Undergrad: 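Before I ask anything, here is the structure I am working with.
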Amino acid sequence: MKKNHYSRRTLLKGAAAAGIASAFPAPMIWAQDIKDITLRQFGTGVSNLNEVAQKVKEDLGFTLQMTALDSDAVTQRAATQPDSFDIADIEYWICKKVWPTGNLQAMDTSKIKNYDKIVGIFRSGKLTPESTIAQGTAPHTVGFTSGPGGTDFVAEESGWMTLIPTIYNADTLGIRPDLIGRPIESWTELLNPEFKGKASILDISSIGIMDAAMVCEAMGEIKYGDKGNMTREEIDKTMAIFTEAKKSGQFRAFWKTFDESVNLMASGEVVIQSMWSPAITAVKSRGIPCVYQPLKEGYRSWGGGIGLSKNLEGVALEAAYEYINWYLSGWVGGFLMRQGYYSAVPETSKEFMSADEWGYWFEGKEAQGDITNPFGEKLAGAGDKRDGGSFYDRMGAVACWNSVMDENQYMVRKWNEFIAA
Amino acid sequence: MDRLLKSPNVTGWLLASPLALVLAAFLVLPIVMIVIVSFWTATEFSIVPAFSFENYDFLLGSPVTYSVFLNTFKYAAITWAVTLVLGFTVAYFLAFHVRSQAWQTALFLLCTIPFWTSNIIRMISWIPFLGRNGIANSTLISWGVIDQPLEWLLFSDFSVILAFVHLYTLFMVVPIFNTMMRIDRSLLEAASDAGASGFQTLWNVILPLTKPGIMIGSIFVITLVMGDFITVRFMSGSQAANVGRLISNDIALLQYPSAAATAVVLLITVLITISALLRLVDIRKEL
């Protein structure tokens with residue numbers, strides 16, 4: 001065996017050695033040890049970017065292997081293959097399915113340096129002290145557990161987090177203003193016969209049904225108790241309205257992956273559809289007009305975070321905490337916010353963004369010059385404003401969070417019927 | 001002991017055992033597992049190994065299942081018919097019209113060129129072609145054939161079947177070509193000498209003799225189409241479903257037992273279809 005080369009297993013076994021290493025201030029030894037570590041992270045394509053892995057290698061010295069999957073595959077992997085990853089980058093609504101399996105370990109908030117700066121949504125559920133909590137699986141309801149080894153969720157800040165929040169956004173419909181040619185203000189427009197054969201929604205049932213619910217409620221057809229936790233009757237009614245629309249040819253296609261939604265919109269197959277923020281920027285960066293349309297009924301929101309595999313221990317676990325602290329320290333936040341997402345700790349991201357970028361993305365101000373995405377493609381020019389305005393305007397208008405319902409299995413079956421209809 | 005080992009019975013068993021073991025481990029065992037799991041139940045995050053008919057109850061009691069199976073058969077039947085006609089024609093041309101063997105080989109290789117790229121790429125390349133503003137529509141409009149883009153070209157049953165035909169015709173060409181090449185040419189001469197027309201030769205001599213090839217090709221195409229879910233998803237824009245998609249949806253949502261039940265029903269259906277085909281032709285005799 002080469003000098004200074006440890007296999008991962010010996011490193012894991014050396015938890016005691018790691019304890020000693022962290023007890024004594026010996027950064028050189030630490031740096032030697034940590035650079036041989038490889039952490040395997042998986043998650044959706046949204047935040048599993050190679051740029052992040054590269055920056056981790058530069059800043060922290062260890063290797064981060066990224067695997068990007070779609071939401072369904074992420075759920076499957078987290079729930080069924082706990083040995084195949086060290087870090088799970090998953091969404092809060094998925095957490096409700098994955099956490100009870102015990103495949104992830106609770107995280108000690110006292111080790112998170114910027115914990116106090118994490119926005120209120122993920123801690124108390126409230127963006128500002130006055131705001132009301134939206135329907136659905138709000139992140140703070142699945143954000144805390146009772147302690148190490150816990151497979152439950154607790155309502156208050158217990159000091160033990162299930163996921164460390166990293167990224168979130170308020171989703172709405174994307175439109176092609178050049179092909180529609182009039183203002184769009186309500187979710188009802190998705191089923192407007194004017195767009196027959198030119199509308200789309202996403203074929204991920206848990207999210208798709210929420211969009212459907214936003215539409216049905218806006219139409220005044222259904223009044224939901226909680227859109228994020230529907231009764232069987234509410235599911236039936238919602239799917240009936242959408243099945244009828246599908247049979248009469250309202251939809252052009254459904255999409256399941258990011259790329260599909262971009263292609264549908266960019267090619268003009270679809271002029272109005274549920275969409276994700278970076279998909280809008282991807283369409284825009286091809287020079288095609290596309291708007292992330294704020295609607296009067298509000299947004300459907302989601303949040304993502306980082307979870308640690310229960311198998312992580314010793315030096316590798318220390319490295320993972322190091323990574324989380326680095327994640328929240330601003331560079332990634334700036335990277336994500338330049339794509340239209342929000343960072344869980346916005347104030348640290350500010351240091352990694354120009355004043356103009358911060359004004360455009362966070363404060364909803366007019367851009368002073370060109371606004372580019374992290375890859376250097378132009379998204380907006382001087383005088384442009386972000387769709388939906390400032391952080392507080394957008395996140396303050398969330399109507400519901402992506403969720404897992406009590407009647408999830410029933411909903412899935414109904415969704416299959418809808419697809420087969 | 002020595003005598004026992006030398007007995008032809010024992011040698012036979014021993015010779016067959018490696019294959020039998022491989023098949024048992026990688027074919028029989030997984031299928032047995034699927035059948036067992038199909039009787040279990042599942043929640044969001046766990047599979048409960050308790051014997052239950054719930055999955056089959058739901059599957060066989062739901063009208064969706066029947067419409068989806070019907071859809072699967074529809075795709076299989078239409079694709080089969082089109083690939084058969086195309087495959088037979090191409091194979092006939094290669095086997096009887098191309099005289100030199102070098103040309104035969106060259107043209108046959110030409111047929112396989114599309115297979116140098118992956119299935120998905122070949123399928124997806126149809127999307128920009130058939131789209132609302134795609135090449136097909138803009139060409140037709142510029143020729144003055146139509147004045148509105150044809151909506152049914154893409155994200156429809158048409159595009160699904162088009163992709164299936166594109167993907168699977170070769171599986172029909174190869175076995176038919178193979179059997180055609182084995183036909184004794186003197187039979188064709190005899191038919192001609194006996195005064196048969198070209199069509200009569202085709203119908204009474206060539207077609208019966210190529211039956212095994214047709215049957216093998218049909219089995220390929222039908223099983224491939226019935227199990228395929230990705231083509232249906234992409235080409236119908238997720239708007240149509242076949243059995244494969246039901247299974248993949250279930251798996252995606254961690255409903256493994258329910259997926260297993262659907263898989264068992266699909267397996268039985270495919271086996272019945274194939275055994276019906278095999279009754280029409282005794283492949284072992286014909287080969």
Side-chain angles (χ1 to χ4, degrees), chain A residues 70-80 94 96-103 151 196-198 200-206 208 246-247 249-257 259-260 263-264 266-271 404-406 408-421, chain B residues 41-47 54 58-59 61-72 124 127-134 137 148-149 151-156 159 230 232-243 245-259 262:
Chain A
D70 67 55
S71 305
D72 287 340
V74 164
T75 320
Q76 263 185 67
R77 186 137 170 201
T80 59
I94 291 175
K96 207 167 168 183
K97 296 188 190 183
V98 172
W99 186 256
T101 61
N103 289 344
T151 51
K196 189 176 168 193
K198 294 177 178 174
S200 174
I201 55 171
L202 75 175
D203 178 20
I204 298 175
S205 51
S206 322
K246 185 190 173 203
K247 282 189 173 154
Q250 180 71 12
F251 302 110
R252 178 65 170 151
F254 300 142
W255 60 269
K256 199 157 192 168
T257 64
D259 301 337
E260 282 178 292
N263 289 334
L264 283 175
S267 64
E269 298 291 343
V270 156
V271 299
V404 177
M405 307 181 186
D406 295 340
N408 187 52
Q409 207 159 356
Y410 183 78
M411 186 275 291
V412 169
R413 285 175 172 175
K414 284 286 153 186
W415 187 265
N416 273 342
E417 282 178 23
F418 168 61
I419 295 294
Chain B
T41 55
T43 63
E44 271 312 309
F45 43 81
S46 66
I47 295 174
E54 201 219 319
F58 176 77
L59 192 65
S62 156
V64 178
T65 313
Y66 298 101
S67 73
V68 166
F69 265 90
L70 199 69
N71 215 21
T72 310
I124 287 180
I127 292 176
F129 181 81
L130 296 174
R132 185 174 282 142
N133 306 310
N137 268 323
Q148 283 289 315
E151 301 275 327
W152 53 264
L153 281 182
L154 186 60
F155 301 135
S156 58
S159 57
I230 205 83
V232 176
R233 183 165 104 62
F234 279 122
M235 299 309 293
S236 76
S238 280
Q239 295 213 74
N242 66 346
V243 183
R245 281 208 65 208
L246 277 193
I247 298 173
S248 85
N249 278 353
D250 275 340
I251 291 175
L253 297 157
L254 301 174
Q255 303 296 321
Y256 292 104
S258 148
T262 317

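What you see is a predicted model; the values in this text were computed from it and never measured.
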Undergrad: Taking all atoms of both residues into account, what is the closest heavy-atom pair of Glu417(A) and Val64(B), and its distance?
TA: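 Where Glu417(A) meets Val64(B) most closely, the heavy atoms are CG-CG2, 2.7 Å.
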Undergrad: Which pair of non-hydrogen atoms, one from Lys246(A) and one from Gln239(B), has the smallest distance, and what is that distance?
TA: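 Minimum heavy-atom contact is NZ-O, 2.8 Å.
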Undergrad: Taking side chain as C-beta onward, heavy atoms only, is Arg252(A) less than 4.5 Å from Leu154(B)?
TA: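 Touching, per the 4.5 Å side-chain cut-off.
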Undergrad: Can you tell me how far apart CG (Asn416(A)) and CD (Gln255(B)) are? Round to the nearest 0.5 Å.
TA: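 One gets 10.0 Å once the value is rounded to the nearest 0.5 Å.
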Undergrad: Name the region of Ala73(A), side chain, backbone, both or neither, that has any atom closer than 4.5 Å to a heavy atom of chain B.
TA: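 When you check distances to chain B, no heavy atom of Ala73(A) falls under 4.5 Å.
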Undergrad: Need one label for Ile124(B): side chain, backbone, both or neither, based on atoms under 4.5 Å from any heavy atom in chain A.
TA: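 Neither part.
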Undergrad: Do other residues, nucleotides or ligands put more than 12 heavy atoms under 6.0 Å from Lys196(A) NZ?
TA: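 At most 12 heavy atoms, drawn from other residues, nucleotides or ligands, come within 6.0 Å of this atom.
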Undergrad: Need one label for Asp250(B): side chain, backbone, both or neither, based on atoms under 4.5 Å from any heavy atom in chain A.
TA: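 For Asp250(B), the side chain is the part near chain A, not the backbone.
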Undergrad: Can you give me the closest heavy-atom contact between Arg132(B) and Val270(A), atom names plus distance?
TA: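 Smallest heavy-atom distance, with atoms named: NH1-N, 4.2 Å.
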Undergrad: Heavy atoms only: give me the nearest Ile419(A)-Ser238(B) pair and the separation to one decimal.
TA: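 Where Ile419(A) meets Ser238(B) most closely, the heavy atoms are CG2-O, 3.5 Å.
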Undergrad: Answer with side chain, backbone, both or neither: which region of Leu264(A) has an atom nearer than 4.5 Å to a non-hydrogen atom of chain B?
TA: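 When you check distances to chain B, only side chain atoms of Leu264(A) fall under 4.5 Å.
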Undergrad: Hey, does Val412(A) have a side-chain heavy atom less than 4.5 Å from the side chain of Asn249(B)?
TA: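 Asn249(B) vs Val412(A): side chains apart.
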Undergrad: With a 4.5 Å cut-off on side-chain heavy atoms, are Tyr256(B) and Thr80(A) touching?
TA: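 In short, these two side chains touch, coming nearer than 4.5 Å.
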Undergrad: Of all heavy-atom pairs between Ile251(B) and Gln76(A), which one has the smallest distance, and what is that distance?
TA: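 Nearest pair, atom of Ile251(B) first, then Gln76(A): O-NE2, 3.3 Å.
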Undergrad: Who among Trp415(A), Phe418(A), Phe254(A), Trp255(A) has the most heavy-atom pairs with chain B under 4.5 Å?
TA: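 Going by pairs under 4.5 Å, I would pick Phe254(A).
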Undergrad: Answer whether the closest heavy-atom distance between the side chains of Glu260(A) and Phe234(B) falls below 4.5 Å.
TA: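 SC-SC contact between Glu260(A) and Phe234(B) confirmed.
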Undergrad: Would you name the heavy atoms of Ala420(A) and Val68(B) that are closest together and state the gap between them?
TA: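 For Ala420(A) and Val68(B), the tightest heavy-atom pair comes out as CB-CG2, 3.5 Å.
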Undergrad: Could you measure the distance from the CD atom of Gln409(A) to the OG atom of Ser258(B)? Nearest 0.5 Å is fine.
TA: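 Separation between the atoms: 8.0 Å.
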